[in-house]
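One structure is given below, encoded as structure tokens.
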Amino acid sequence: MIRDRADDSIVPSEPAPPHLTYAAESINECLVMASKMCIRPNDTPRGRMVKLSNYVDLHLKYYGDLPADIDLFVRNEREIPYKHKDDILEILRKKNWKPREPVKEPTIIR
């Protein structure tokens with residue numbers, strides 16, 4: 001959960017690590033997690049698209065498929081990387097994903 005400082009509302013958000021410490025078992029896992037851990041609730045739509053593109057590309061390269069948790073990080077269709085849009089939309093449909101608007105001024109609630 002995060003708080004939108006613009007209107008003081010509590011907003012559900014995607015997972016965001018509280019720190020960038022992670023114990024990986026392989027360099028492949030490390031590279032994929034590094035790209036995933038850079039995704040933040042305050043990303044702009046364009047920035048989110050770039051970060052999702054990196055995450056998806058590395059996941060495909062090292063694991064051979066799209067990330068199973070991609071639905072947690074896509075807030076709306078504008079953020080889906082063009083290269084994988086059809087495949088990601090199919091995953092989102094299967095998971096009954098609903099779009100959400102990004103928070104204007106996020107702060108983390110613990």
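Atom set for the values below is all heavy atoms of this structure, side chains included, hydrogens, waters and symmetry mates excluded.
In this structure, Ile70 CD1 and Leu92 CG are separated by 7.5 Å, a value rounded to the nearest 0.5 Å. Rounding to the nearest 0.5 Å places CG of Leu72 at 10.0 Å from CD1 of Ile39. For the atom pair CG of Asp87 and CG of Leu60, the computed distance is 8.0 Å after rounding to the nearest 0.5 Å. How far CD of Glu77 is from CD of Glu79: 11.0 Å, rounded to the nearest 0.5 Å. Residue Ile91 holds its CD1 atom at 8.0 Å from CG of Asp65, rounded to the nearest 0.5 Å. Atom NZ of Lys51 is separated from atom OG of Ser35 by 11.0 Å, given to the nearest 0.5 angstrom.
A salt bridge does not link Asp71 to Lys94: none of the charged nitrogens lies less than 4.0 Å from a carboxylate oxygen. A salt bridge is absent between Arg75 and Asp43: the closest approach of a Lys/Arg side-chain nitrogen to an acidic carboxylate oxygen does not fall below 4.0 angstrom.
The two residues Pro45 and Arg78 make their nearest non-hydrogen contact at CG-NH2, 4.1 Å.
For Arg93, the CZ atom is densely surrounded, since the number of other residues' heavy atoms within 6.0 Å is greater than 12.
Side-chain N or O atoms of Trp97 include one that pairs as donor or acceptor with a backbone N or O of Val74 at under 3.5 Å.
Residue Leu66 is grouped with residue Val32 when hydrophobic side chains (ILVMFWY) are merged at heavy-atom distances under 4.5 angstrom, including chains of intermediate members. Cluster annotation: Ile27 is not connected to Met33 through the hydrophobic network of ILVMFWY side chains, with a link wherever side-chain heavy atoms come within less than 4.5 Å. Hydrophobic clustering keeps Val56 apart from Met49 (ILVMFWY residues linked when any side-chain heavy atoms are closer than 4.5 Å, directly or through intermediates). No continuous path of hydrophobic side-chain contacts links Val50 to Met37 [ILVMFWY only; heavy atoms under 4.5 Å].
Among pairs with a residue in residues 62-85, those fulfilling ring-ring contact (aromatic ring centres under 6.0 Å, His included) read His59-Tyr63, at least two apart in sequence or across chains.
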Trace of the side chain to side chain contact (heavy atoms under 4.5 Å, CB included) decision for Asn76 with Arg100: CA-CA 6 Å; Asn76 56 58; Arg100 61 188 191 278; over 6 Å; no

Under the side chain to side chain donor-acceptor pair (under 3.5 Å) rule, what do Ser26 and Asn28 come out as? Steps first, then yes or no, please. CA-CA 5 Å; Ser26 68; Asn28 297 353; 5.0 Å; no

Pair Leu52, Ile88 - check side chain to side chain contact (heavy atoms under 4.5 Å, CB included), show working. CA-CA 11 Å; Leu52 286 174; Ile88 292 173; over 6 Å; no

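The side chain to side chain donor-acceptor pair (under 3.5 Å) test applied to Lys85 returns no partner, not counting sequence neighbours.
With a 4.5 Å cut-off on side-chain heavy atoms, Lys36 and Asp69 count as touching.
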